[in-house]
Amino acid sequence: MPELNPHQKTAVHYINGSLLILAGAGSGKTSVITHKIAWLIREFGVAPHHITAVTFNNKAAREMKTRVADLLNSQNTKGVTISTFHALGLNILQNSLKEVGYSSSFSIYDAEDSQALVAKLLRVDHPDAANNLAQEVQKQISHWKKRLVKPEQPPNKSESIRDIAALIYNKYEQRLLAYNAMDFDDLILKPVRLFQDFPNTLAIWRKRIHYLLVDDYQDANACQHELVKLLMGKRGVLTVAADDDQSICAEQGAQPENLRHLQQDFPNLKVVKLEQNYRSTGRILKAANALIANNSHVFEKTLWSDRSYGDPVRVLKTRSEEHEAERVVSELVYHKFKHGTDFRDYAILFRNHSQVRLLERVLCERRIPYFLSGAASFFDKTEIKDIMAYLRLLCNPNDDNAFLRVINTPRREVSPETLEQLSRHASELGASLLRASLDTGLERYLSAKQAAGLRVFTQWLANTIEQANKEDPIKVVCDMLADLHYEDWLKDTCNDQKIAEQKMKNILDLVAWLQRLATQQNGEKTLSRLVASLSLIGLLEKNSEDNPGDYVSLMTLHSTKGQEFPHVFIIGMEEDLLPYQTNLDEKGVEEERRLAYVGITRARETLTFSLAERRKRGGEIVACKPSRFLSELPQDDLEWIDQESRDHLNDVLGRGDGYLANLRAMLDNNN
DNA sequence: TGGGGTGATATTTTT
DNA sequence: TATCACCCCA
C-alpha cells in the first residue's frame with residue numbers, strides 16, 4: 001500500500017466528529033475507509049465491536065473485509081462489523097423479533113417473490129391484467145418504501161399504476177406479515193420503524209456502534225439515510241465517503257441530494273475532498289472534468305493527476321452499428337497486437353444491453369474471448385429458486401408463496417382445483433396452506449385421490465421440518481435433495497443432459513455455499529439463519545468477481561462502478577442513446593452525464609468513443625446525431641477518426657508479411 | 001410436455 | 001423489427 005497523501009491522512013485521522021469524504025473517481029476513497037478502521041483499532045485502541053462499516057453490495061463488503069484484514073495482519077478484525085446495508089438491517093431485526101412482530105424464521109422475498117405476491121393480490125380486481133401490472137406495481141410499492149413514505153389513498157378507483165398500487169399497498173403489507181415474510185426494502189424500513197417506536201432498542205444499538213463508516217454514500221436512498229441518522233444520534237461518529245458525480249442509481253431511489261441532507265442533519269460535519277486521481281492519464285481526467293462541469297454540484301471538486309498527459313481521446317465515426325462493432329473490435333485487436341497487452345486490459349462499455357448483440361457476433365467471428373457481465377444472476381436461476389423455496393418453507397411453514405412454488409416441482413399431480421380448494425380451506429381456518437393441508441377437515445373438500453396426493457407431500461414435508469429442527473442443516477438439505485429425486489427430475493425434464501448437469505452443479509454450489517456459511521458464521525447455525533444470510537448473497541458476485549481468464553470485458557455503463565481498465569471503449573455516443581431518449585429532462589440529462597462520466601473515469605491509459613451515423617431503432621433505420629456530451633469535451637484533446645481513414649486490420653492484413661501470421665497465431669493461442 | 005403461435009415490449013440494477 | 005415470455009393445443 002502506497003503512502004497516504006495529506007488529504008487522505010486528514011480523513012483517516014479525524015475522529016472527533018462526523019466526516020464527509022468527498023472523493024473523486026480513482027482517488028482511493030475505499031482505502032481511506034479501510035485505513036481509518038485500522039487506525040481506530042491500532043492507534044486509538046477502539047474495541048473492534050464498536051466499529052461498523054457498511055457498503056451497498058456484497059462485493060464491496062467482501063473487498064473491504066479483506067483489505068482491513070490485510071492492514072491489521074488479520075489480528076483484531078474479528079469484532080468489526082463489515083456488511084451490506086441489508087445485512088445490517090437483517091441483523092438488527094433478528095435481535096428484535098418480538099418488537100417487530102415476526103417470528104425467528106421469517107422469509108426474505110426478492111423482487112420476483114414480491115411480484116408474485118402482488119400479482120396474486122391484483123387478480124382480485126384485475127383478473128386479466130394482473131401479471132402485466134404486477135411488475136410495475138411492485139416497483140411502485142418498493143419505491144414508496146425506499147422513500148419512506150406511505151402512499152396517498154386515491155379518492156376513487158383509478159387506472160393509473162400509482163393508484164392501483166396505493167390500493168393494494170396495505171393488503172400487500174398484511175399478506176407479508178401473515179406469511180412471516182419481508183421484502184428487501186423491509187430490511188431497511190423495519191429497523192427504522194423499530195428504532196422510532198422502541199427507544200430502548202435504539203439505545204442498545206447506539207451503545208454498540210460508536211463509529212459508523214459508509215462507503216458510496218451517494219447511492220443511499222432516503223430510508224437508508226434515516227437509518228444512519230437514527231443509529232448515530234448525537235454522539236456517534238459517522239464517516240461517509242461519497243462522490244455525487246457517480247450517483248447513477250436514481251432508479252434505486254438514490255438521491256444526490258443526500259449529501260446536502262447530510263450537512264443539515266450533521267451540522268458539525270467536516271468535509272475533506274480527495275481530488276488526486278491515481279488512475280487515469282491527465283488527458284482522460286481533463287475530459288472527465290470538462291464533462292461533469294456541466295452538472296450542478298453541492299460541492300465543487302476538480303480531479304487532477306500527476307501521471308503523464310497521455311494519448312488523445314479518440315472518437316471513431318462509423319457508418320452503421322454493424323460498422324461500429326467491426327471498427328471497435330478491429331481497433332481493439334490492432335491495439336493489443338501492437339502493444340502486446342492482454343484481452344483483460346480492455347473493456348467495451350455501452351448504455352443498454354441491446355447494443356451488445358452485434359458486438360458479440362463480431363467477437364465470436366474473430367474468435368476473441370469476451371466476458372459479458374450482468375447476465376442472469378445465480379439466484380435468478382429456476383433450480384436455485386426452487387431449492388431456496390424448499391428451504392424457506394422448511395424454516396417458515398407460513399410461507400405460502402414458497403409452498404405454491406414447491407408443490408409441483410417435481411411434479412406431484414396436484415391440480416389447480418385441488419389448490420383452490422386448499423386455499424379456501426386455509427382462509428377459513430385462518431392458517432397457512434401447509435397447515436391447512438395437514439388439517440383433517442380437508443377431506444370435506446377433496447376427493448380421496450386428491451387428498452391422498454396432497455397428504456403424501458405434506459407428511460413428508462412435516463417430517464423434514466421436524467428433522468430440520470434437530471439435525472445438522474447441511475445433512476437435512478442433502479437428505480431432502482435425495483428424497484426429492486431432484487437430480488432425476490432434472491434429467492427427465494431437460495432435453496439437453498448437459499443443461500441438467502449444469503443445473504445440478506449449481507445446486508451443489510448452493511449446498512457448498514451453505515456449508516461455508518455454516519462454518520463462517522459465529523453464533524447460531526440454525527437452518528433459518530443460514531437461509532436468511534443466503535437470501536442476501538448474490539452468488540453472481542462469485543462469477544463476476546473472478547473473471548479468471550483473459551477476456552475482453554463487455555458491460556453496461558451502470559455495472560462498471562468500482563472497476564478500472566487500462567483501455568476503455570465507450571460505444572454508441574449518440575443523442576437518444578447517451579443521453580438516452582426517455583431521460584431528457586434536466587435532471588435526467590444530468591444523470592446520463594454522470595453515467596458518461598463514470599464510463600470515462602474507468603480508463604487508465606486510453607479512451608476511445610465510437611458512434612454510428614445510422615442505427616436501427618424499432619425496425620427503422622434512422623440517422624443519428626453525435627451525443628451532446630462529445631461537444632462538451634475539450635476539443636483539442638479529441639482525435640476524430642472518420643470512416644474514410646485507415647482501417648487498422650486491413651492495414652495489417654494488407655502488408656501480407658509476418659504481421660498476418662503473428663496475428664493469426666495470437667488469435668489461435670487464445671482459443 | 002413441449003413446441004409453436006401470439007402478443008407485448010423495447011433503460012439502467014442491488015439486496 | 002426482433003426477442004421473449006406465456007399460453008394453448010396436440
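Please read all numbers here as calculations on a predicted model, not as lab measurements. In what follows, chains carry the letters A, B, and so on, assigned in the order in which the sequence lines appear, proteins first and then strands, with residues in each chain numbered from 1.
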*asked:* Go nucleotide by nucleotide along DNA chain B from the 5' end; which of A:Glu136 and A:Asn352 gets its closest nucleotide reached first?
replied: A:Glu136
_A:His353, nearest nucleotide to its side chain (from C:dC4, B:dT15, B:dT12)_ = B:dT12
*How many Å lie between CZ on A:Arg357 and C1' on C:dT1, as a whole number?*
12 Å
_In whole Å, measure the gap between the P atoms of B:dT14 and C:dT3 for me._
25 Å
*Among the candidates B:dT11, B:dT14, B:dT13, find the nucleotide nearest to the side-chain atoms of A:His558.*
B:dT13
_Separation of atom NZ in A:Lys146 from atom C1' in B:dT14, rounded to whole Å_ = 8 Å
*Nearest whole angstrom, please: distance from the P of B:dT15 to the NZ of A:Lys385.*
14 Å
_Any side-chain N or O of A:Thr556 below 4.0 angstrom from OP1/OP2 of B:dT13?_
yes
_Aromatic contact, A:Phe85 with A:Phe56 (centres under 6.0 Å)_ = yes
*From the options B:dT13, C:dC4, B:dT15, select the nucleotide whose nearest atom is closest to the side chain of A:Lys139.*
B:dT13
*For A:Ser107, the option from A:Asn396, A:Asn180, A:Asn401 that meets side chain to side chain donor-acceptor pair (under 3.5 Å)*: A:Asn396
*Please step through side chain to side chain donor-acceptor pair (under 3.5 Å) for the pair A:Tyr580 and A:Glu592, ending with a clear verdict.*
CA-CA 7 Å; A:Tyr580 196 73; A:Glu592 298 285 318; over 6 Å; no
*A:Gln563 CD to B:dT13 P: how many Å, rounded?*
13 Å
*Expressed in angstrom and rounded to an integer, what is the separation of A:Glu592 atom CD from B:dT12 atom C1'?*
8 Å
*Looking at A:Arg628, A:Arg617, A:Arg615, which hits salt bridge (Lys or Arg N to Asp or Glu O under 4.0 Å) with A:Glu574?*
A:Arg615
*With sugar-phosphate meaning primed atoms plus P, OP1 and OP2, does A:Thr582 contact a base, only sugar-phosphate, or nothing at under 4.0 Å between heavy atoms?*
base
*In whole Å, what is the span from the CZ atom of A:Arg62 to the P atom of B:dT15?*
11 Å
*Stacked cation flag A:Arg516 on A:Trp513, 6.0 angstrom / 45 deg*: yes
*Return no unless some side-chain N or O of A:Asn58 is found under 4.0 Å from OP1 or OP2 of B:dT15.*
yes
*Measure from NZ on A:Lys616 to P on C:dT3 and round the result to the nearest Å.*
10 Å
_Applying a 4.0 Å non-hydrogen cut-off, can you work out what A:Arg617 is touching in the nucleic acid: base, sugar-phosphate, or nothing?_
nothing
*B:dT13 versus C:dA2 - spacing of their C1' atoms, nearest Å*: 24 Å
*asked:* Expressed as a whole number of angstroms, how long is the span from A:Phe56:CZ to B:dT14:P?
replied: 14 Å
